[in-house]
Amino acid sequence: MKNFILTTFALAMLLPATSRAEASLTIEDFSIEAGQEKTMLINLTNPDTEVTTVQWDLRLPDGLAMKAGEEGYDMAQRTSWRYQSLTATTTDGIVRFTLSSNSNNAISGTSGAIVKITLRAADTFTNGTIGLENILITNSDGTTTHPADCTISVGTAPRAESTLYFGTTPQPVPQSVQTLLIGLTNPDDDITLVQFDLHLPQGVSLQSADDAYDIEGRTSWRYHTLYAKATEERVRVLLASPGNALLSGTEGNIVSIRLVFGSDVSEGQAVSMDNILLVTPDEKAIRPTAVATPLVKALGDVNCDGSIDVADISAILTWMTIDEPNMIADVNEDGKVDVADISTVLTFMTLGE
């Protein structure tokens, strides 16, 4: 018998002690968006303890508020007004909740909602973080614990503004013809109409040929109509979708415009777009801010795509076959377009590596 007791005691010493699970608070997963009213549940998890008091501070992001008065909060499944008391006090935008047991009626060990809170989102609300802070839990034996804060993110991701941008950087090269690409970024909007005014600096004009402007990448003549009208002040460009075809959310070039650079063009000037108007299928008007791109000379970037590579050599070869080549291909600036310009580009490419 003595040996049995000693053996049992030894085994008990060797076996790991079962850890006691600490009580904690969590916010049950939910979502809320602008203009909505939703109920948020606060869960208490206490599998190994009986709880008599729970206290915490509720912190809400801008645009989210608790419904006013007693309608803003109530007890949930695991509690009742018969056995518990619930108070909520607001100070400096933070709401302190205290849930306590009457006559020591404990919330027995399990998991689930103890309080429900009604929240209202303003029409301007986008997203934010809700937090439970300074959590205090008192057990029926009088011991207390301070669980870690709890947070949850709600709302939608911030909308990305739709806008136009310059897909290429024009260069101040006299007697050259360059293609200016206009790009559209609209990840969160469908667009049916694009309009803008293009302003050209002194010495730069719209090419008079029929191919002075064209539809690019993200658009096609099958689904879109493109207009361009030049005046002394600006070039008004309109890209419309007669059949209500959509430019759905992505990024890329939509229009190309052929520009002629005269002998008096100089570095330091800029091409700009303003009066930008984007229209959605529901006729919502979006008016992005004006954008500009400076004329920056980059010898070797013959196709004006922002990089010096094999495509520039191909462009030089093309201009070499034409009686009146585009002087942007005159990379070494000797007044002609020939093999020497290809050699210069190859040198630039080597230096770039």
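Sequential numbering from 1 along the given sequence is applied to the chain's residues.
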Check against side-chain contact (heavy atoms from CB on, under 4.5 Å), Phe261 and Gln171: CA-CA 9 Å; Phe261 289 70; Gln171 300 183 44; over 6 Å; no
Check the pair Leu99, Met75 against side-chain contact (heavy atoms from CB on, under 4.5 Å), reporting the backbone distance first and the verdict last. CA-CA 9 Å; Leu99 177 70; Met75 293 186 188; 3.9 Å; yes
Using side-chain hydrogen bond (donor to acceptor under 3.5 Å, both in side chains), reason through Trp221 and Asp214 one step at a time and then give a plain yes or no. CA-CA 9 Å; Trp221 290 104; Asp214 204 347; 2.9 Å; yes
From CA spacing to verdict: side-chain hydrogen bond (donor to acceptor under 3.5 Å, both in side chains), Ser153, Asn127: CA-CA 7 Å; Ser153 297; Asn127 60 81; over 6 Å; no
Could you walk me through whether Thr118 and Glu71 satisfy the side-chain contact (heavy atoms from CB on, under 4.5 Å) test, starting with their C-alpha distance in whole Å, then the side-chain angles of each, then the deciding distance to 0.1 Å, before giving a yes or no? CA-CA 7 Å; Thr118 302; Glu71 294 182 354; over 6 Å; no
Start with the C-alpha gap between Gln178 and Thr168, add the side-chain angles, then the distance that decides, and say whether side-chain contact (heavy atoms from CB on, under 4.5 Å) holds. CA-CA 10 Å; Gln178 302 177 41; Thr168 51; over 6 Å; no
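Proximity of a side-chain donor or acceptor of Asp48 to a complementary backbone N or O of Ala21 within less than 3.5 Å is detected. Looking only at distances, no side-chain donor or acceptor of Asp189 sits under 3.5 Å from a matching main-chain atom of Asn186. In this structure, the side chain of Arg78 engages the main chain of Ser108 through a donor-acceptor pair within 3.5 Å. Of the possible polar contacts, none joining the Lys67 side chain to the Arg120 backbone as a donor-acceptor pair under 3.5 Å is found. Remark: the backbone N or O of Arg96 is not paired with any side-chain donor or acceptor of Thr89 at under 3.5 angstrom. Side chain of Ser343 to main chain of Val339: no donor-acceptor pair is present (N/O by atom type, distance under 3.5 Å, no hydrogens or angles).
Note that the CG atom of Asp338 and the OG1 atom of Thr344 stand 8.5 Å from one another [nearest 0.5 Å]. From Asn332, atom CG reaches atom CG of Asp341 across 4.0 Å, with rounding to the nearest 0.5 Å. In this structure, Leu247 CG and Thr280 OG1 are separated by 12.5 Å, a value rounded to the nearest 0.5 Å. Atoms CG and CE, on Asn43 and Met40 in that order, are 10.5 Å from each other to the nearest 0.5 Å. The line from CG of Leu25 to SG of Cys150 is 7.5 Å long, rounded to the nearest 0.5 Å. If you take CD1 on Ile191 and OG1 on Thr219, they are separated by 13.5 Å, rounding to the nearest 0.5 Å.
In this structure, Ile182 and Phe196 have side chains that are in contact, with non-hydrogen atoms separated by less than 4.5 Å. Side-chain atoms of Ile322 and Val337, non-hydrogen and from C-beta on, never get closer than 4.5 Å to each other. Lys284 is listed as a side-chain neighbour of Ile286, based on a closest heavy-atom distance under 4.5 Å. Contact annotation: the side chain of Ile308 approaches that of Val345 to within less than 4.5 Å [non-hydrogen atoms, C-beta and beyond]. At a threshold of 4.5 Å between non-hydrogen side-chain atoms, the residues Phe166 and Leu198 count as touching. Put simply, the side chain of Met320 reaches to within 4.5 Å of the side chain of Ile342, judged on heavy atoms. Looking only at side-chain heavy atoms (C-beta outward), Ser256 and Thr179 come within less than 4.5 Å of each other. Contact annotation: the side chain of Tyr73 never approaches that of Val95 to less than 4.5 Å [non-hydrogen atoms, C-beta and beyond].
Hydrophobic clustering (side-chain heavy atoms under 4.5 Å, transitive across Ile, Leu, Val, Met, Phe, Trp, Tyr) groups Val271 together with Val291. Placement of Leu44 and Tyr83 in two distinct hydrophobic clusters is found when ILVMFWY residues are connected by side-chain heavy-atom separations under 4.5 Å, directly or transitively. No single ILVMFWY cluster, assembled from side-chain heavy atoms under 4.5 Å apart, contains both Ile328 and Leu259. Connection of Ile276 to Leu181 is not established within any shared hydrophobic cluster, with ILVMFWY side chains joined at heavy-atom distances below 4.5 Å, either directly or through further cluster members. Transitive grouping of hydrophobic side chains (ILVMFWY, heavy atoms separated by less than 4.5 Å) brings Ile215 and Ile257 into a common cluster.
Among all heavy-atom pairs drawn from Met66 and Gly72, the shortest one is CG-O, 3.6 Å. Closest approach of Asn134 to Asp149, counting heavy atoms only: N-OD1, 3.4 Å. Taking each heavy atom of Leu206 and Ala230 in turn, the nearest pair found is CD2-CB, 4.1 Å. Contact detail for Pro61 and Phe125: the closest heavy-atom pair is CG-CE1, 4.2 Å. Here the closest non-hydrogen pair linking Arg218 and Leu184 is NH1-O, 2.7 Å. Listed here is the closest heavy atom pair of Ser241 and Tyr223: OG-O, 3.5 Å.
No more than 12 heavy atoms of other residues, nucleotides or ligands sit less than 6.0 Å from atom NZ of Lys336. Residue Lys116 places its NZ atom among 12 or fewer non-hydrogen atoms of other residues, nucleotides or ligands, all under 6.0 Å distant. Remark: Tyr227 OH is loosely packed, at most 12 non-hydrogen atoms of other residues, nucleotides or ligands lying under 6.0 Å away. Other residues, nucleotides and ligands place more than 12 heavy atoms under 6.0 Å from the CD atom of Glu37. In the displayed structure, Arg234 atom CZ is contacted under 6.0 Å by more than 12 heavy atoms of other residues, nucleotides or ligands.
Side-chain contact, Glu161 with Thr163: no donor N or O sits under 3.5 Å from an acceptor N or O. Checking Ser101 against Thr52 by side-chain atom types alone, no donor-acceptor pair falls below 3.5 Å. Side-chain atoms of Asp74 and Trp81 include a donor-acceptor pair closer than 3.5 Å. Checked by atom type, the side-chain pair Thr145/Asn139 shows no donor-acceptor distance below 3.5 Å.
Relative orientation of the Phe97 and Trp56 rings is parallel, given thresholds of 30° and 60° on the angle between their planes.
With Ile130 as the partner, the side chain to side chain contact (heavy atoms under 4.5 Å, CB included) test is satisfied by one option alone out of Ile117, Thr151, Leu58: Leu58.
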